[in-house]
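What follows is a single structure, written as structure tokens, with notes after it.
In this chain, residues are counted from 1 in sequence order. What's counted below: heavy atoms across the whole structure, side chains too, no hydrogens, waters or symmetry copies.
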Amino acid sequence: MYPSRFRYEAPRSLDEAIVTLRDGGDYAKVLAGGQSLVPLMKLRFASPELVVDINNVPGLDYHRADPDGTLRIGALCRHADLERSSLLKNSQPTMAAAAPLIADPIVRSRGTLVGSLCHADPQGDWASVVLALGGSVMAQGPRGRRSIPMADFVTGPFENVLEPDEVAVIPAAAGARAGGYLKLERRVGDFATVGVAVALEVSGDPGQMGTVTRAGIALTGVGGSTIAATDAARALTGQPLTAQNIEMAAGLAADAARPRTDHRGSADYKRHMVRTFVTRILGRAAGGPEVGSTAERAA
């Protein structure tokens, strides 16, 4: 199918993009990577009257770390940029583990992290990663900038709190030094049947059972939106990564899941995979091999 008719604008500055969006009202969409928007338009599940292409706006394709360790990622930073990033490999293990698991190489070459967050797909990988990291989305509009915690950004399936004339420009993730991301998918490039992101800050050497000073655990694909397993994270905070504490956190994370039985598997199976993934990531953080970019294939 072909999309419905729409007006196309390609502003060359962020201010121009915001003005264009304001004039477009509720029926305007921002185009960055287009890996979610364009297929929806071709299927006519989305029919915007105005598409604002921000790919000509300079200075939005970065990812960098501030002196305090906060990671900042521009709206045009591609998944592939993060997959190849030495910065993530050295300082953000949870993001480094997730980056190679985003869809397939073609999507990763064009799609963006910010676009994925704004799309708010319950099976999207990046939302759970940024949520586990305690990150925020920076929205810029005619009234200036505002920082929105990731926990408040997504309001439901494919819904976020951005105003029609706002652009998400910089999600920020607090520093974390241990953790990972594991994903169950039926085939390469598929949406997550279950995804688990864990981000930890640990005092001392994680391999020597240091104390967890901050924990974040978030779940993908097991509810109507990304789920923050706050009780599981709270059970780890202030504690060493012992086998008993890991088992408790994994159980609480499984309890937080709200899966449905469907063609991808039963609710009990998905909850079991949440428990398994949390146990595996925390076990490796406690002293096993470092968590890498691992996807489990469903039979």
Might you work through the salt bridge (Lys or Arg N to Asp or Glu O under 4.0 Å) test for R143 and E163, ending with a clear yes or no? CA-CA 11 Å; R143 295 161 295 281; E163 297 294 337; 5.4 Å; no
Just to verify, what does A197 make a side-chain contact (heavy atoms from CB on, under 4.5 Å) with, not counting sequence neighbours? T94, S128, V129, A132, Y181
Go through the structure and list residues passing side-chain contact (heavy atoms from CB on, under 4.5 Å) with T230, not counting sequence neighbours. A228, R234
Which value, rounded to the nearest 0.5 Å, describes the distance between R214 atom CZ and T237 atom OG1? 8.0 Å
Which residues satisfy the side-chain contact (heavy atoms from CB on, under 4.5 Å) test with I106, sequence neighbours excluded? D104
Set of residues satisfying salt bridge (charged side-chain N to carboxylate O under 4.0 Å, His left out) with respect to R22, sequence neighbours excluded: none
Mind checking whether L131 and L162 sit in one hydrophobic cluster, side chains of I, L, V, M, F, W, Y counted as touching below 4.5 Å? yes
Under a 4.5 Å side-chain heavy-atom rule over Ile, Leu, Val, Met, Phe, Trp and Tyr, are I73 and L101 clustered together? yes
By the rule that ILVMFWY residues connect when side-chain heavy atoms come within less than 4.5 angstrom, directly or transitively, which residues belong alongside V51? F6, Y8, L31, L37, V38, M41
Strictly by salt bridge (Lys or Arg N to Asp or Glu O under 4.0 Å), give each pair with a member in residues 108-130 just once, sequence neighbours left out. E83-R108, D125-K183
Apply side chain to side chain contact (heavy atoms under 4.5 Å, CB included) to E185 and Q123, showing your working. CA-CA 11 Å; E185 54 186 357; Q123 293 176 298; over 6 Å; no
If hydrophobic clusters are built by linking Ile, Leu, Val, Met, Phe, Trp and Tyr wherever their side-chain heavy atoms come under 4.5 Å apart, do L117 and V161 end up in the same one? yes
State, with a plain yes or no, whether a side-chain heavy atom of T226 is found less than 4.5 Å away from one of M150. no
Hits for side-chain contact (heavy atoms from CB on, under 4.5 Å) against V194, two or more places apart or cross-chain, chain-then-number order -> L184, V196, V222, K270, M273, V274, F277
Can you list everything that forms a salt bridge (charged side-chain N to carboxylate O under 4.0 Å, His left out) with D268? Sequence neighbours excluded, please. R271
Name all residues meeting the side-chain hydrogen bond (donor to acceptor under 3.5 Å, both in side chains) criterion together with Q35; count only those two or more places apart in sequence or in a different chain, and write none if there are none. none
Atom CG of L21 and atom CD of E9: how far apart are they, to the nearest 0.5 Å? 10.5 Å
For a 4.5 angstrom cut-off between non-hydrogen side-chain atoms, does L200 reach L282? yes
Which other residues belong to the hydrophobic cluster containing F158, where Ile, Leu, Val, Met, Phe, Trp and Tyr are joined when side-chain heavy atoms lie under 4.5 Å apart, directly or via other members? none
Do N160 and I148 come close enough that some side-chain heavy atom pair is under 4.5 Å? no
Can you tell me which residue pairs pass the salt bridge (Lys or Arg N to Asp or Glu O under 4.0 Å) test with a partner in residues 42-55, sequence neighbours excluded? none
Quick one: list whatever passes salt bridge (charged side-chain N to carboxylate O under 4.0 Å, His left out) with R258, sequence neighbours left out. none
